[in-house]
Amino acid sequence: MAKPVCYPIGAMKPETTKALYFPRVRLLDPTSGRDEEGALFVDAEGRIAPVPERLPSASRLTIVDRPGLTIVPGLCDVHVHFRDPGATDAEDLVSGSAAAANGGFTRVVTMPNTNPATDTPELVRRARSAQTAVAIYPSACATVGRMGKTCAALETLEQAGAVAFSDDGAMVSDPAVMKVVMLRAKKLGRPVMDHAVLPELSQGGVVRDCPTAQALGLPIFPPEAEVEAVRADIALCRETGCALHLQHLSCAESVELVRAARAEGLPVTAEATPHHLALAAEDIPGNDGNWRMNPPLGTRADVEALRQGVLDGTLTLFATDHAPHTRASKAKGFKTAPFGVIGLETAVGVTWDTMVRQCGMAPLAWAACWVTHPNRLIGLRPPTLEIGAPAEFAVLDLEETWTVDPDRLASKSADTPWAGKTLRGRAVATYRNGRFRTPFL
Ligand code: DOR
Ligand code: ZN
C-alpha cells in the first residue's frame, strides 16, 4: 500500500484579501431568517461588515455587481467520500474539496470507508488538518476496520477531531455491537450515522424493481432491507438515548418510521440525497453503472414520500453521499459497477429545482437543510451573513442553466446520472477563510 500523500498542516491563517462588495443580491440566511434583497460587504479582514459610507479605493476592493445572484451561508455536506487514502485515482482530499467548493460548500464531513479505514487518530488528524478549499470534518469508523465486530476507539478518535461515527458503506448490523457504539458515542455527545441497510435482507440486490431491472435481469433490492434496518436503529436510539443520524433514506416506510420516532421525541435525524429526491428507479435509462448506488433509487411513491418528509421536517437535511468511482469501474455496467454517484457539483441545482421550484419548499427551509441542520448535527455553529461574522458563504445563480459535462467537473470522477443533462441553478463562487473563489463568476 502506498504511503498516503500528506497535505500541508498548520493553523489556518485567514488570507487577508481585498474587501468585497455586492451592491445588490438576494440574501438568504437561515440563522437570521433573512430572505431579502440587499447589499453585502466583506472587509479586508474577511468579516461581514456594514457597507462603509466611503468605499475603499478600487485597488483595495472587488465589486461584484451581477444581477440575479443569491448569497447563502456556506453549505455543509455531512456525507462525502474522498477516497483518501486508498483510491486517490477516484478522488483525494484536494480534488474532493475543489468539487465541494465549486458546488457552494465550505464544510464537509468525510466518510471513513477509506483504505485503510479511518479508525485511527492519525488518519482522522490527517483529514482534519488538510489545507484544502473547504474545511474537512472527518467522521471515524464506528467499529474497528469497519468490520462491524468491535467498537472502535471512539474516545481517541473524537479527541483527534472526529465529529461523528459511521461504518458507512455498511451498516453496523449486530445490535449488540451497535448498542456499545451508541452508548460510547452518547457519552462523547457525538452522533452515530448509520448506513441503514440490513445485509441479511438485501440479498445482494442492486436495484429496486423496475423495467431496467427486469430487462437486465438485475438482483432486486427489497425495501425491507432498509426499513427493518431503520426500525432496528430507532429501537437502539430509544434504548441508549444516543443521537442517531440515518443516512441516505430511500423508502416511504423509512420516512414514516423517522416521523414517528421524532414525534416520540427521540434524537433521530435523517438525510435525503439529491438523487433520491429527484430520480426514481423507473428513470434508469439502461445498463449504465452511473445510476447504481446504495441504497438504490426508489419508486415514484418513495420519491414523493421523501419530498414530503423534507417539506415537513422529518428528513432534517440534505447530504450528497458524493461517492466517486473511476470511469473504468463504472463502465462495467449496472451488474458489476461499484455503488455510488458523485453529487457535490450538482447538489444546488438539483435540490433547488426539485424542492423549491417543483415542491414549493420555502427558500429559507431549503437553506436550513444545507446549512443549519448539518452544522447542528456535528456540533458546529453554522456560518451566517450577520454583521461581524467571519465571511463564509456561497454565491448562487439559481436561474443559470448549464449542461453537466463530467469532464469539466472538479471531481476526478464522472459517475453522475446528470451527465449531459441541463440543470437550472448552480453555485458560482464561495468565500471562506479570507479567500474568494470564483469558478463560475
Ligand atoms: O452508493 C454508495 N456509495 N453508498 C454507500 O453507502 C457507500 C458509497 C461509496 O462509498 O461508494
Ligand atoms: Zn451509505
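All values below were derived from every heavy atom in this structure, side-chain atoms included, with hydrogens, water molecules and symmetry-related copies excluded. Note that ligands are numbered from 1 as they come in the structure, with each ligand's atoms numbered from 1 the same way.
- Using 4.0 Å as the threshold, Pro338 has no heavy atom nearer than that to any atom of ligand 1.
- Residue contacts with ligand 1 for His195 involve side-chain atoms from C-beta outward but no N, CA, C or O (heavy atoms, distance under 4.0 Å).
- When ring centroids are compared, His248 and His195 come within the 6.0 Å threshold.
- Residue contacts with ligand 1 for Asp321 involve side-chain atoms from C-beta outward but no N, CA, C or O (heavy atoms, distance under 4.0 Å).
- When non-hydrogen atoms are compared, ligand 1 lies under 4.0 Å from neither the backbone nor the side chain of Met111.
- Checked for salt-bridge contact, Glu158 and Arg190 meet the test: a charged N lies under 4.0 Å from a carboxylate O.
- Of the polar atoms of Gly340, at least one N or O is found under 3.5 Å from an N or O of ligand 1, judged by distance alone.
- Glu386 and Arg34 are not joined by a salt bridge, as no carboxylate oxygen comes within less than 4.0 angstrom of a charged side-chain nitrogen.
- With respect to Arg26 and Asp35, a salt bridge is recorded, a charged nitrogen being found less than 4.0 Å from a carboxylate O.
- Set against the non-hydrogen atoms of Met293, the atoms of ligand 1 under 4.0 Å away are 1 (O).
- Closest to atom 10 (O) of ligand 1 among all protein heavy atoms lies Asn113 ND2, 2.8 Å.
- For the Zn ion (ligand 2), the nearest N, O or S atom contributed by Asp168 is named OD1.
- Checking side-chain atoms of Ser413 against main-chain N and O of Asp415 turns up no donor-acceptor pair under 3.5 Å.
- Looking only at protein heavy atoms, the nearest one to atom 8 (C) of ligand 1 is His81 NE2, 3.7 Å.
- For ligand 1, the atoms lying closer than 4.0 Å to a non-hydrogen atom of His325 are 11 (O).
- Interface of Gly169 with ligand 1, defined as ligand atoms under 4.0 Å from a residue heavy atom, comprises 6 (O), 7 (C).
- The single protein non-hydrogen atom nearest to atom 3 (N) of ligand 1 is Phe339 O, 3.1 Å, given as residue, atom name and distance.
- Phe105 places none of its side-chain heavy atoms less than 4.5 Å from the side chain of Cys76.
- Selection from His275, Arg83, His248 by nearest heavy atom to atom 11 (O) of ligand 1 gives Arg83.
- When the N, O or S atoms of His195 are ranked by distance to the Zn ion (ligand 2), ND1 comes first.
- For the pair Arg292 and Phe339, the distance from NZ or CZ to the six-membered ring centre is under 6.0 Å and the angle to the ring normal is within 45 degrees.
- Checked by distance only, ligand 1 and Ala323 stay at 3.5 Å or farther apart across all their nitrogen or oxygen atoms.
- For ligand 1, the atoms sitting less than 4.0 Å from at least one non-hydrogen atom of Asp168 are 6 (O), numbered in the order shown with element in parentheses.
- Between Glu392 and Arg107 a salt bridge is recorded (basic side-chain N to carboxylate O distance below 4.0 Å).
- The Zn ion (ligand 2) has an N, O or S atom of His248 inside 2.8 Å of it.
- Of the options Thr320, Leu317, Asp168, a side chain to side chain contact (heavy atoms under 4.5 Å, CB included) to His79 is made by Asp168 and by none of the others.
- With salt bridges taken as basic N to acidic carboxylate O contacts below 4.0 Å, one links Asp312 and Arg259.
- Arg307 and Asp302 are not joined by a salt bridge, as no carboxylate oxygen comes within less than 4.0 angstrom of a charged side-chain nitrogen.
- Annotation: atom 5 (C) of ligand 1 to nearest protein heavy atom, Asn294 O, 3.7 Å.
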